[in-house]
Amino acid sequence: MNIGLFGGSFDPIHRGHLALAQAAASRYSLRQVLFVPANVPPHKQKQPLTAFIHRYAMVALATQDEQGFVASLLEAPEVTAHGGVNYSIDTVRRLKQTFKKSDRLFFLIGIDAFRDIAKWHEARALLAECDFIVASRPGYSLRDVAESLPEGLRPPAAVTRPFHEQPAKGDLVLPGVTLHLLEGIQQNVSATAIRAAAAQGKPLGQWLDPRVADYIKKHRLYRGK
Ligand code: ATP
């Protein structure tokens with residue numbers, strides 16, 4: 001069975017996340033997609049994140065009607081080791097311990113996040129553990145994707161240079177890494193924009209599942225001080 005793992009801060013989960021997961025599930029026959037809100041300890045945060053419990057609750061609300069979509073506690077504060085710091089490689093290894101021989105793991109990620117993959121903890125090991133489905137966006141070339149890979153996996157510049165003209169689509173299969181580039185996810189929305197709109201009391205319905213919008217309102221999330 002093909003299983004997708006989709007991690008993020010999900011602060012909050014929005015239509016862009018759901019569109020990515022739906023497209024990946026249908027294109028790669030994923031029977032299950034685990035949405036994994038990340039637990040980021042305060043000293044690791046660029047900006048304060050909403051409490052894990054709220055982010056998890058919103059993921060649960062947004063995914064409840066979708067067959068095979070699961071809100072996951074794999075990175076809940078109680079589960080993660082190292083004093084709350086959680087690395088994707090640990091999550092992937094933990095999850096794969098529960099797998100059957102026939103299960104195959106796909107790691108879902110947007111291209112903006114993938115651009116930083118080389119800086120992730122044990123990036124090469126992570127890329128070796130599972131296939132990656134990278135949601136591409138117009139303006140990114142195949143060269144951008146190839147050059148994001150960590151050293152040792154990255155093809156030489158002479159090889160990637162001609163990729164400059166090619167849009168990021170299709171499969172990129174190299175020793176130690178398999179990337180599936182997924183096109184056509186046109187959801188111009190970000191959690192940052194949603195938080196800013198919520199802070200101004202604007203309606204959020206166009207970007208979010210209505211149940212998530214209600215949750216944000218009820219708990220007065222993102223309202224600032
Ligand atoms: P923020 O604005 O707070 O940085 P975000 O909207 O990018 O948040 P994250 O939870 O950080 O959301 O993203 C989780 C994953 O979803 C990342 O891999 C990211 O690239 C991807 N993603 C985020 N927004 C979109 C979108 N509109 N379309 C497709 N993928 C997206």
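Keep in mind that the numbers below use all heavy atoms, side chains included, and drop hydrogens, waters and symmetry copies. Residues take their numbers from the sequence shown, with the count starting at 1.
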Could you report the tightest heavy-atom contact between [X] and [Y], atom names first, then the distance?
X	Y	result
Ala123	Ala118	CB-O, 4.2 Å
Asp144	Gly139	OD2-O, 4.0 Å
Phe52	Ala38	CD1-O, 4.1 Å
Asn2	Ser29	CB-O, 3.3 Å
Pro175	Leu153	O-CD2, 3.4 Å
Gly4	Leu105	C-CD1, 4.5 Å

How many angstroms lie between [atom1] in [X] and [atom2] in [Y], if you round to the nearest 0.5 Å?
X	Y	atom1	atom2	value
Arg124	Leu127	CZ	CG	9.5 Å
Asp214	His219	CG	NE2	10.5 Å
Leu34	Thr63	CG	OG1	10.5 Å
Asp209	Gln64	CG	CD	7.5 Å
Trp120	Ile109	CH2	CD1	3.5 Å
Ile13	Tyr56	CD1	OH	11.5 Å

Check: Phe106 ring centre within less than 6.0 Å of His180 ring centre: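 Ring centroids of Phe106 and His180 are less than 6.0 Å from each other.
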
Is any side-chain heavy atom of [Y] closer than 4.5 Å to one of [X]?
X	Y	value
Leu221	Pro12	no
Arg211	Asp65	yes
Phe35	Leu18	yes
Phe114	Leu149	yes
Leu172	Val145	yes
Ile3	Phe99	yes
Leu108	Leu182	no

Side-chain H-bond candidate by donor/acceptor type, Asp112 with Tyr140, under 3.5 Å: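 Asp112 vs Tyr140: no donor-acceptor pair found between side chains.
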
Between the side chains of Asp11 and Thr50, does any donor sit under 3.5 Å from an acceptor?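 Asp11 vs Thr50: donor-acceptor pair found between side chains.
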
Qualifying residue for side chain to side chain contact (heavy atoms under 4.5 Å, CB included) with Leu74, from Asp90, Val36, Asn86, Val92: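 One option only clears the test, and that one is Val36.
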
Start with the C-alpha gap between Leu208 and Met58, add the side-chain angles, then the distance that decides, and say whether side chain to side chain contact (heavy atoms under 4.5 Å, CB included) holds. CA-CA 10 Å; Leu208 294 168; Met58 291 189 281; over 6 Å; no

More than 12 non-hydrogen atoms from neighbouring residues, nucleotides or ligands closer than 6.0 Å to CG on Leu174, yes or no?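 More than 12 heavy atoms, drawn from other residues, nucleotides or ligands, come within 6.0 Å of this atom.
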
Answer yes or no: are there more than 12 heavy-atom neighbours, outside Arg93 itself, under 6.0 Å from its atom CZ?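 Result for CZ/Arg93: enclosed.
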
Examine distances only and state if a side-chain atom of [X] and a backbone atom of [Y] form a donor-acceptor pair shorter than 3.5 Å.
X	Y	result
Lys96	Glu129	yes
Asp171	Val173	no
Asp116	Ala113	no
His14	Gly16	yes

Leu181 and Leu20: same hydrophobic cluster, using ILVMFWY side-chain contacts below 4.5 Å?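 No.
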
Co-membership, hydrophobic cluster, residues Leu5 and Ile185, 4.5 Å side-chain: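 No; tracing contacts between hydrophobic side chains, which count when under 4.5 Å, never links both residues.
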
Under 30°, 30 to 60°, or over 60°: which ring-plane class applies to Tyr215 and His54, parallel, tilted or perpendicular?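 Perpendicular.
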
According to the interplanar angle, ranging from 0 to 90°, do the rings of His17 and Phe6 count as parallel (below 30°), tilted (30 to 60°) or perpendicular (above 60°)?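 The arrangement is perpendicular - the two ring planes meet at more than 60°.
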
Phe132 vs Leu126, test: side chain to side chain contact (heavy atoms under 4.5 Å, CB included). Steps then yes/no. CA-CA 10 Å; Phe132 270 60; Leu126 178 64; 3.9 Å; yes

With a 4.0 Å cut-off on N to O distance, would you call Glu75 and Arg55 a salt bridge?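 A salt bridge is absent here (no side-chain N lies under 4.0 Å from a carboxylate O).
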
For His121, ring pair (Phe, Tyr, Trp, His ring centres under 6.0 Å) partners two or more places apart: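 His121: ring pair (Phe, Tyr, Trp, His ring centres under 6.0 Å) contacts with Tyr87.
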
Let me see the working for Phe69 and Gln22 under side chain to side chain contact (heavy atoms under 4.5 Å, CB included), right down to the final yes or no. CA-CA 9 Å; Phe69 283 12; Gln22 280 155 349; 3.9 Å; yes

Please test Arg195 against Thr192 for side chain to side chain contact (heavy atoms under 4.5 Å, CB included), starting from the C-alpha separation and ending with a verdict. CA-CA 5 Å; Arg195 293 193 297 272; Thr192 304; 3.4 Å; yes

